Amino acid sequence: MKMKKEKIRRYEFGTPYDTGATVKEIERTEGVPEGFSYYPKTETFTYVLRERDMVFGLGETVRGINKRGWIYVSNNTDDPEHDEDKVSLYASQNFLIIDDGHSCFGIFIDNPGTVTFDIGYTNDNVLNIHPEYNDTSFYVIDGKDPLEIVHSFRELTGKSYVPPVWAFGYAQSRWGYKSAEEIREVARRYRELGIPLDMIYMDIDYMKDFKDFTVDKERFPDLESFVREMKEEGIRLIPIIDAGVKIEDGYDVYEEGVEKGYFCRKEDGSYFVPAVWPGKVHFPDFLNDDARRWFGDKYKVLTDAGIEGFWNDMNEPAIFYSEDHLKEVFGQLREFEKMDLDIWNFFRYKDVAASLPNYPGDYRSFYHDFNGKKVRHDRVHNLYGFYMTRSATEAFERNVPDKKILMFSRASYIGMHRYGGVWTGDNTSRWGHLLMNIQMMPALSMTGFLYSGADIGGFGGNTTEDLMMRWVGFGIFTPLFRNHSAMGTREQELYRFERTDDFRNLIELRYSLIPYICSEFMKAADNGGMYMKPLFFEYRKDDRCREVEDQLLVGDSIMITPVYEQNKTGRYVYLPERMKFIRFRSYDDYDEEYLAKGDHYIRAGLNEVPVFIRPGKELVLAKPARCVEEIDLNDLIHIRY
Ligand code: GLC
């Protein structure tokens, strides 16, 4: 008798952890996933790629939409230099779809340790998947096309987090707003210029000596009334929370954590001592149920003051140095002092000094109490940010059940998409990073991280007005829409530039698009769909769409074709079918024309946003308002195909 083949099959290797990635139990299928060879000696799964296979997914990673041709290592890492030669960023979202246009399947490698995906890097025809420790649930998902596979994957992993509606507004952030006064000034400038704004972010500067859940009373004398004052202006304040808890006598979070035993320990039972912004810290053991609950409840001091949103940071976890490794490094450097630093010793010296941050040995030197077992951190490393975020969101459900709280994180793993969104970390003010943002978004949508976006304008480096304007021109379509930059870089609040009228028009366009963005977002969240898609996912029989890497479908009605190069006044676009081209200068100033299927050069000046309406569809626009909650949903403009 032939057994019916299940749509989702789960294979098991070693002793998989219960990571919390999935919400549906799938019975184990014996053996090795069909099409794959498994080499136990090297613990590698190998699949021979078909000539026309394209590989989609992996969420937040470098390079193009088709991941073929590079190697990616899931190992959540705080590395601000994330250029295309990097293999690891802040997230591990091990879901892939392999599709040659005729048949396709998805795989999800549920393994929270380091997993290497060599997608035609060593050999163009071979996909090798190598978990460092092979305790893996290996899921195979069948489907007739990529969208069906995504749908099944999301049934397996659960519904995406939905933020409060105001979180779809525009946000201004910067590392370095040092006082309530400075933040007031940001709000004032935006309101004065009439540029809509819903949120101002508070970076580590608001804390007292970078201690979580503290507020510097001198620079922020009365947070509660400040929160109220800003809210009356239609602006929410969104503070950051970091993973590390400062070691300091008298600091309640530290003292309680030590007393209750909620911090991560080393092999010998003593607490692990890494260092981050506040200097030496302990890491809360978010993988432990009690510790997670305890830390989550700490957010209450800020929600009690009226705060309605947070961003969780440094939760890969990032380590500047550890006490132990610092000692080793100092020891080794002393040896170099006596040496003639010739070419070899000089490079060794440099390597030793540079080995301090995110040192792999550190991640092997502390433990979690996970589901009743002592587990070495590196084996479950990629869960840390997920469980920090889970700690917060579960606490919000307990402590502020009547309010929706905004929550997103830097580090993530599949499953975290049920608890919060992500931002894609410390990018740079470079044109290439705008393209990277465009190419990452559909992969994030696939994995369920719908509420996501990049630091608009670039975090590191000095932005320019034209880059900022093009980035805003794309960012108005990303659910998380935040202008954020690093201390010491050129200031990039929109009022710092000359063309504030153009910026106002673009941000207003975002606000006009809010009804569309929110309804398409909700559809994707409810139905396990994608908010942003590669063209190929909808036009799979059109070979040209295989190679379109810089145009996206946003929701069901529109295609966007952002301009992402310097000094360009337009670009080439490919239309898989006839569409209506709208060139927006503002929500009420645009030209429209029908363009036939095929290639076109379209003009799009710096202040113009090209949008294409698909046949039979329409785009709904609202009149902009200074903040989302003031948008009048009864007064909509329809632009029909
Ligand atoms: C990290 C974050 C960045 C933040 C900075 C200071 O680099 O990624 O967004 O501004 O820390 O808190």
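Count residues from 1 along the sequence. Because the structure is predicted, anything quoted here is derived from the model rather than measured. Ligands are counted one by one from 1 in listed order, and the atoms in each one are counted from 1 as well.
Checked against salt bridge (Lys or Arg N to Asp or Glu O under 4.0 Å), Glu465 has no partners two or more places apart in sequence or in another chain. Partners of Arg236 by salt bridge (Lys or Arg N to Asp or Glu O under 4.0 Å), not counting sequence neighbours, listed by chain and number: Glu308, Glu629.
Results of the ring pair (Phe, Tyr, Trp, His ring centres under 6.0 Å) test with Tyr201 over Trp175, Trp311, Tyr206 single out Trp311 as the only residue that passes. In summary, of the residues considered (Leu193, Ile456, Asn483, Leu197), a side-chain contact (heavy atoms from CB on, under 4.5 Å) with Leu494 occurs for Asn483 alone.
Annotation: ring-ring contact (aromatic ring centres under 6.0 Å, His included) contacts involving residues 438-463, sequence neighbours excluded, comprise Phe168-Tyr451, His417-Phe449, Phe459-His484.
Under 3.5 Å, the side chains of Arg490 and Thr463 contain no donor-acceptor pair of N or O atoms.
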Between ligand 1 and the protein, give all atom pairs where both partners are nitrogen or oxygen and the distance is under 3.5 Å, as lines of names plus distance to 0.1 Å.
from     : atom 1 : to     : atom 2 : distance (Å)
ligand 1 : 7 (O)  : Asp426 : OD1    : 3.4
ligand 1 : 7 (O)  : Asp426 : OD2    : 2.7
ligand 1 : 8 (O)  : Arg410 : NH1    : 2.8
ligand 1 : 8 (O)  : Asp426 : OD1    : 2.5
ligand 1 : 8 (O)  : Asp426 : OD2    : 3.4
ligand 1 : 9 (O)  : His484 : NE2    : 2.9
ligand 1 : 10 (O) : Asp203 : OD2    : 2.5
ligand 1 : 10 (O) : His484 : NE2    : 3.0
ligand 1 : 11 (O) : Asp313 : OD2    : 3.1
ligand 1 : 12 (O) : Asp203 : OD1    : 2.5

